[in-house]
Amino acid sequence: MAVDNSHKNQKENLEKMNNPEELIKSLSKLHTTKMGEERIKRNLNLSECDVVKYCRQIITSKDCNITKQGKNWYCRKDGIVITVNSYSITIITAHIEKK
């Protein structure tokens with residue numbers, strides 16, 4: 001008699017997908033669009049800098065709090081929130097967290 005492990009496998013896959021390490025492993029794919037770059041610079045008051053490199057540094061810092069809601073990762077550190085699409089690893093936006 002075969003045992004149905006589909007529910008167990010689905011649960012394990014969901015836990016894996018929601019693990020922040022999955023984002024960290026994908027950081028070589030991290031990118032943004034031209035509009036995203038402009039939005040991030042405006043929202044964070046950044047001058048000429050590589051916004052992808054800037055965001056990558058925040059995301060990889062040990063005190064960055066990474067959570068997943070729906071299709072997006074939310075990376076929070078020092079009042080900055082970076083939103084990354086979990087499928088395409090695209091930085092959607094970054095902004096200063098409202099208090």
Side-chain angles (χ1 to χ4, degrees):
M1 179 178 198
V3 177
D4 182 9
N5 287 328
S6 62
H7 180 70
K8 180 181 175 187
N9 290 340
Q10 286 175 340
K11 185 177 178 184
E12 288 172 357
N13 287 340
L14 183 61
E15 288 171 0
K16 182 179 177 186
M17 288 179 2
N18 290 330
N19 183 345
E21 284 301 313
E22 292 303 308
L23 174 60
I24 301 300
K25 284 190 232 175
S26 302
L27 284 181
S28 64
K29 301 175 190 173
L30 189 68
H31 67 283
T32 192
T33 63
K34 185 67 177 164
M35 283 179 49
E37 182 178 344
E38 292 167 4
R39 182 173 40 253
I40 293 163
K41 284 181 178 181
R42 183 177 61 248
N43 290 350
L44 299 181
N45 298 315
L46 299 174
S47 58
E48 296 303 313
C49 78
D50 182 339
V51 296
V52 173
K53 183 177 179 182
Y54 179 84
C55 291
R56 187 178 287 122
Q57 288 175 332
I58 291 174
I59 293 168
T60 57
S61 67
K62 63 182 175 182
D63 55 341
C64 183
N65 179 11
I66 302 172
T67 57
K68 187 173 181 195
Q69 289 182 301
K71 64 180 181 177
N72 293 329
W73 290 105
Y74 295 91
C75 309
R76 292 178 171 82
K77 181 180 186 284
D78 298 334
I80 293 174
V81 181
I82 301 168
T83 305
V84 179
N85 179 284
S86 63
Y87 302 113
S88 62
I89 315 300
T90 304
I91 305 167
I92 312 259
T93 193
H95 63 274
I96 297 172
E97 199 164 25
K98 295 176 183 168
K99 295 183 180 190

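Counting begins at 1 with the first residue of the sequence.
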In chain order, what residues pass the side chain to side chain donor-acceptor pair (under 3.5 Å) check against T93, with sequence neighbours excluded?
N43
How long is the gap from SG on C75 to CD1 on I24, to the nearest 0.5 Å?
7.0 Å
Point-to-point distance, once rounded to the nearest 0.5 Å, from CG of N72 to CD1 of I91
12.5 Å
Output for pair (Y74 OH, I66 CD1), nearest 0.5 Å, gives 14.0 Å
Report yes if some heavy atom in the side chain of Y54 is under 4.5 Å from a heavy atom in the side chain of I40; otherwise report no.
no
Show me the pairs that pass salt bridge (Lys or Arg N to Asp or Glu O under 4.0 Å) and involve residues 38-48, at least two apart or across chains.
E37-K41, K41-E48
Pairs satisfying side chain to side chain donor-acceptor pair (under 3.5 Å), at least one member in residues 27-36, at least two apart:
H31-T90
Pairs meeting criterion salt bridge (Lys or Arg N to Asp or Glu O under 4.0 Å) with involvement of residues 87-98, two or more places apart:
R76-E97
For residues 77-86, dump all side-chain donor-acceptor pairs below 3.5 Å to protein atoms at least two apart in sequence or in another chain.
residue : atom : partner : partner atom : Å
N85     : OD1  : Y87     : N            : 2.8
N85     : OD1  : S88     : N            : 2.8
N85     : OD1  : S88     : OG           : 3.2
S86     : OG   : K71     : O            : 2.6

At their closest point, which heavy atom of I58 faces which heavy atom of S61, and how far apart are they?
O-OG, 2.7 Å
For D50, enumerate each residue passing the side chain to side chain donor-acceptor pair (under 3.5 Å) test, keeping only those at least two apart in sequence or located in another chain.
none
Looking at every non-hydrogen atom in both residues, tell me the closest pair between I89 and S26 and how far apart they are.
CG2-O, 3.7 Å
ILVMFWY cluster, L23 and I92 together (side-chain gap under 4.5 Å):
no
